[in-house]
Structures are given as C-alpha cells and as structure tokens.
Novice: 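One structure coming up, written as structure tokens, with questions to follow.
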Amino acid sequence: MRRLLPPPTGDDGPNGPDGREWSPAELAAAYAHPDPLPDGGWLRANMVTSLDGAGHHGGRSQPLSCPADMRIFGVLRALADVIVVGAGTVRSEGYRPARRREEFAGARVAAGQEPVAAIAVVSAGLDLDFSSPLFTEPVVPTLLVTGEAAPPERLAAARAAGARTVFAGEGATVEPARVRTELAALGYRRQLTEGGPGLLGRFVAAGVLDELCLTVSPRMTAGEAGRIARDGTPVEVPRELEPISILEEDGFLFTRYVTRSAGRPVTR
Ligand SMILES: NC(=O)c1ccc[n+]([C@@H]2O[C@H](COP(=O)([O-])OP(=O)(O)OC[C@H]3O[C@@H](n4cnc5c(N)ncnc54)[C@H](OP(=O)(O)O)[C@@H]3O)[C@@H](O)[C@H]2O)c1
C-alpha cells in the first residue's frame, strides 16, 4: 500500500509509501472520523466501481474487489457505529452480521461504541429473510429502517426475529435525511453506508452524504451493470466533492472524498 494523496513527504512514518501491507491500526488512522464528530453524525459511503463505471459484476461487488479493498472494508466497518444498507444488497449479497474483531475491541470501548457496528437495513416492502443469520445471530440487534406504512405482518415477523424497527418516513418509503437523523438520535453517529446503488442514489439526491470512500478497480466489465448511485431525483447541479486521500495497491485506487459542506476530517 502506498499513499498518493496527500503527496508523500519522505517522513510520512507508517502512512508513507513504503510498499508494505498496512496494519489495521494504520488503516484506521488513515480513515479516522472528524474529531470532534458533528452532533448530527457523519455519513460515509464505501463503494467499489470498475473503470467503466460498473457497480457490480454478475450481481456481486466481489469480482471488482481485491484483498486490500476487503481490508479497508473491514476497517471502515470496525470504525462505524452502524452500517446502513439497502434491502436489495442484503438480498443479493446474502448479508451477514458484522463480526467482532479483537484488534478493535479496546478502541470501541474507549469510544463508547457497541462491540460491533449494528447493521441497519433500509426497506419499504420488508421482503427479507428473517430466519437468516443477519437477524438470528447478530452480536447486536439488526435494525430495520422503514416507513410507518410498512406491511404490518412483515413488521411483526421482523420484531419476532429480534430486529429493532426504526421509522424514518410517514409512508411506506423512508426519507433519506431522516435515516440519518433517526439513527443519530439513537446514538449511531458514525454511519457507514455500503449502498447499494439504489440507496446511495437517494442519499446523494437528498444531499445528506458527508464522505465517499470509493475503490476504483483496474477492471472493465462492459455489459449492463449500473453505476454506484442510481434512482433518487437527479440533482440540479452536480454535487462537488473534494478528494482528501488516495491510496494505491496492486493498481487499485482507494479514494476518499468529502462533500464541501462537510468539512475536512482528520486524515492522519
Ligand atoms: N459497488 C458497490 O460498492 C456495491 C455496494 C453494494 C451493492 N452493490 C450491488 O448493487 C446491487 C444491488 O443494488 P440495489 O440498488 O438493488 O440495492 P440497494 O440500494 O441495496 O437496495 C435497494 C432497496 O433498498 C430499499 N430502499 C432504498 N431506498 C429506500 C427508501 N427511500 N425507502 C425504503 N426503502 C428503500 C428498497 O428495498 P425494498 O425493495 O425491500 O423495499 C430498495 O428496493 C447488487 O448487485 C450489489 O452487488 C454494489
């Protein structure tokens, strides 16, 4: 792993361009949240794209990924209070609960966090498998973020499975901005969304994203795969983000952008 941005200075220490694998602690330092954390929380997205803009290959993001991407994926999870994910991704990727990692246990206790990030599934229809490990075997209860008009029988099934329901919309769907505020009100301020594209598009359209961690995979796929953000009302003027960090390993670029209004987090 080496740092491309900010440009290496020669005395970069552990985050310098030394070509070796970075430890989880070094990656955690490179992806530190802003300090102090804004009261309203911080919404970070982590996504991967191919060079030709595909957000998946054959319905999975794994073919676009690499070991370093998976290490960063794990570290971003370990830093988060909650992982917000759309029901489409839960269904297509067979989502499981976040797993406990010993190397982050102390830091999580010190930060007042639960032992692992809770998974919060955003869904209107609640067509989810409540007998799956995501609901039956989580370290901390899985959250279901939905609208007040969600199907009552599916809500009952979710509750029976131990899921915690968070309402973030008056109809069946949720308002993207309310996902953020409702979770922050529950104490989940370090918010990580892993998409998918349908949910990310709505977050972008609503202007509630603070940060995008985007892995650019040195692969091309052609075909019909959609990009990393879709749906959501198109924004009138394209939203501008500022690159604050780029790492590289094996031709993969690990970029980190913040929205201009969000301010700069500490990067080192
Ligand atoms: N490139 C990447 O980094 C990345 C990351 C994640 C996923 N993916 C890929 O993306 C594909 C899945 O895409 P997707 O767009 O279907 O996934 P998605 O965004 O995870 O899920 C879409 C679903 O989320 C729920 N949802 C979204 N916005 C909502 C709102 N405002 N209110 C209520 N529910 C809402 C709906 O669920 P209900 O239908 O249950 O109502 C909707 O059908 C998969 O192939 C996956 O591999 C790629």
Side-chain angles (χ1 to χ4, degrees), residues 43-66 69-70 72-74 76-77 83-96 119-130 132 134-135 142-151 153-155 157-158 163 165-183 192-209 211-217 219-221 223-233 252-257:
L43 178 58
R44 162 187 280 175
N46 183 30
M47 304 292 287
V48 60
T49 179
S50 72
L51 286 178
D52 52 345
H56 65 88
H57 186 57
R60 308 279 303 230
S61 46
Q62 186 276 332
L64 304 178
S65 183
C66 69
D69 182 49
M70 292 318 295
I72 291 171
F73 177 91
L76 295 184
R77 284 186 152 209
I83 298 161
V84 187
V85 62
T89 298
V90 169
R91 288 187 286 259
S92 63
E93 302 262 357
Y95 253 51
R96 298 181 64 85
I119 306 265
V121 184
V122 179
S123 173
L126 307 186
D127 180 16
L128 295 155
D129 179 4
F130 295 121
S132 69
L134 179 60
F135 295 98
T142 293
L143 305 165
L144 210 47
V145 185
T146 190
E148 283 160 25
E153 70 289 352
R154 299 303 297 157
L155 271 178
T165 310
V166 178
F167 291 110
E170 287 169 10
T173 61
V174 308
E175 296 163 33
R178 271 191 65 189
V179 177
R180 187 185 159 139
T181 52
E182 299 291 342
L183 290 173
L192 171 68
T193 181
E194 295 176 347
L199 182 61
L200 183 63
R202 290 172 175 100
F203 280 140
V204 171
V208 295
L209 197 67
E211 176 179 346
L212 173 64
C213 297
L214 179 65
T215 297
V216 181
S217 173
R219 294 174 183 160
M220 296 177 84
T221 64
E224 298 296 320
R227 54 198 172 90
I228 61 157
R230 60 173 175 78
D231 299 342
T233 318
F252 285 76
L253 299 178
F254 306 100
T255 70
R256 192 176 173 204
Y257 293 83

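Indexing begins at 1, ligand by ligand and atom by atom, following the structure's order. Just so you know, residue 1 is the first one in the sequence shown, and it goes up from there. For the numbers below, each heavy atom of this structure counts, side chains included, while hydrogens, waters and symmetry mates do not.
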Novice: I'd like to check which ligand 1 atoms, numbered from 1 as shown, lie under 4.0 Å from a non-hydrogen atom of Met47.
Specialist: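 The atoms of ligand 1 under 4.0 Å from a heavy atom of Met47 are 2 (C), 3 (O), 4 (C), 5 (C).
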Novice: Where does Ala124 meet ligand 1, judged by heavy-atom distances below 4.0 Å: at the side chain, the backbone, both, or neither?
Specialist: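 It is both backbone and side chain that touch ligand 1.
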Novice: Which ligand 1 atoms, with their elements, are less than 4.0 angstrom from a heavy-atom of Arg60?
Specialist: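 Every atom of ligand 1 under 4.0 Å from some heavy atom of Arg60: 47 (O).
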Novice: For Pro197 and ligand 1, answer yes if some heavy atom of the residue is under 4.0 Å from a ligand atom, otherwise no.
Specialist: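 Heavy atoms of Pro197 do come under 4.0 Å of ligand 1.
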Novice: Between Thr193 and Val84, is there a donor-acceptor pair closer than 3.5 Å when you use the side chain of the first and the backbone of the second?
Specialist: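 Yes: the side chain of Thr193 pairs with the backbone of Val84.
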Novice: Are there protein heavy-atom neighbours of atom 42 (C) of ligand 1 below 4.0 Å?
Specialist: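 Given the 4.0 Å limit, the answer for atom 42 (C) of ligand 1 is no, no protein heavy atom qualifies.
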Novice: Counting each atom of ligand 1 from 1 as listed, which ones have a heavy atom of Val48 under 4.0 Å away?
Specialist: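 Listed by number with element: 1 (N), 2 (C), 3 (O).
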Novice: Taking Ser217 for the side chain and Ser65 for the main chain, is one N or O donor matched with an acceptor at less than 3.5 Å?
Specialist: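 Not at all, since once roles are kept as given, no pair shorter than 3.5 Å links the two residues.
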Novice: Can a non-hydrogen atom of Val85 be found less than 4.0 Å from any atom of ligand 1?
Specialist: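 False for this residue.
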Novice: Near Gly59, which atoms of ligand 1 are under 4.0 Å from a heavy atom of that residue?
Specialist: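 Result: 44 (C), 45 (O), 46 (C), 47 (O).
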Novice: Please examine the side chains of Thr215 and Leu253, heavy atoms only from C-beta on, and report whether any two atoms are closer than 4.5 Å.
Specialist: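 The answer is no, as the side chains (C-beta and beyond) never meet within the 4.5 Å cut-off.
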Novice: How close does the nearest protein non-hydrogen atom get to atom 22 (C) of ligand 1, and which residue and atom is it?
Specialist: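 Result for atom 22 (C) of ligand 1: Gly88 N, 3.8 Å.
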Novice: With a cutoff of 4.0 Å, is Arg91 in contact with ligand 1, counting heavy atoms of the residue only?
Specialist: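 It does, in that a heavy atom of Arg91 comes within the 4.0 Å cut-off of ligand 1.
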Novice: Which residue owns the protein heavy atom closest to atom 24 (O) of ligand 1, what's the atom, and how far is it?
Specialist: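 Answer for atom 24 (O) of ligand 1: Ala87 N, 3.3 Å.
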Novice: Would you say Ile72 and Arg77 make side-chain contact, with heavy atoms under 4.5 Å?
Specialist: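 SC-SC contact between Ile72 and Arg77 ruled out.
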Novice: For Arg227 and Asp52, indicate whether the former's side chain and the latter's backbone hold a donor-acceptor pair under 3.5 Å.
Specialist: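 Not a single qualifying donor-acceptor pair exists.
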Novice: Considering only heavy atoms, does Glu194 approach ligand 1 within less than 4.0 Å through its side chain, its backbone, both, or neither?
Specialist: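 Answer for Glu194: backbone.
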Novice: Can you check whether Leu200 has an N/O within less than 3.5 Å of an N/O in ligand 1?
Specialist: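 It does not: no N or O of Leu200 is found under 3.5 Å from an N or O of ligand 1.
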Novice: What closest approach, in Å, do Ala45 and Leu200 show between heavy atoms, and which atom pair accounts for it?
Specialist: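 Ala45 and Leu200 have their closest heavy atoms at CB-CD1, 3.8 Å.
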Novice: Between Arg219 and Pro63, is there a donor-acceptor pair closer than 3.5 Å when you use the side chain of the first and the backbone of the second?
Specialist: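 Indeed, once roles are kept as given, a pair shorter than 3.5 Å links the two residues.
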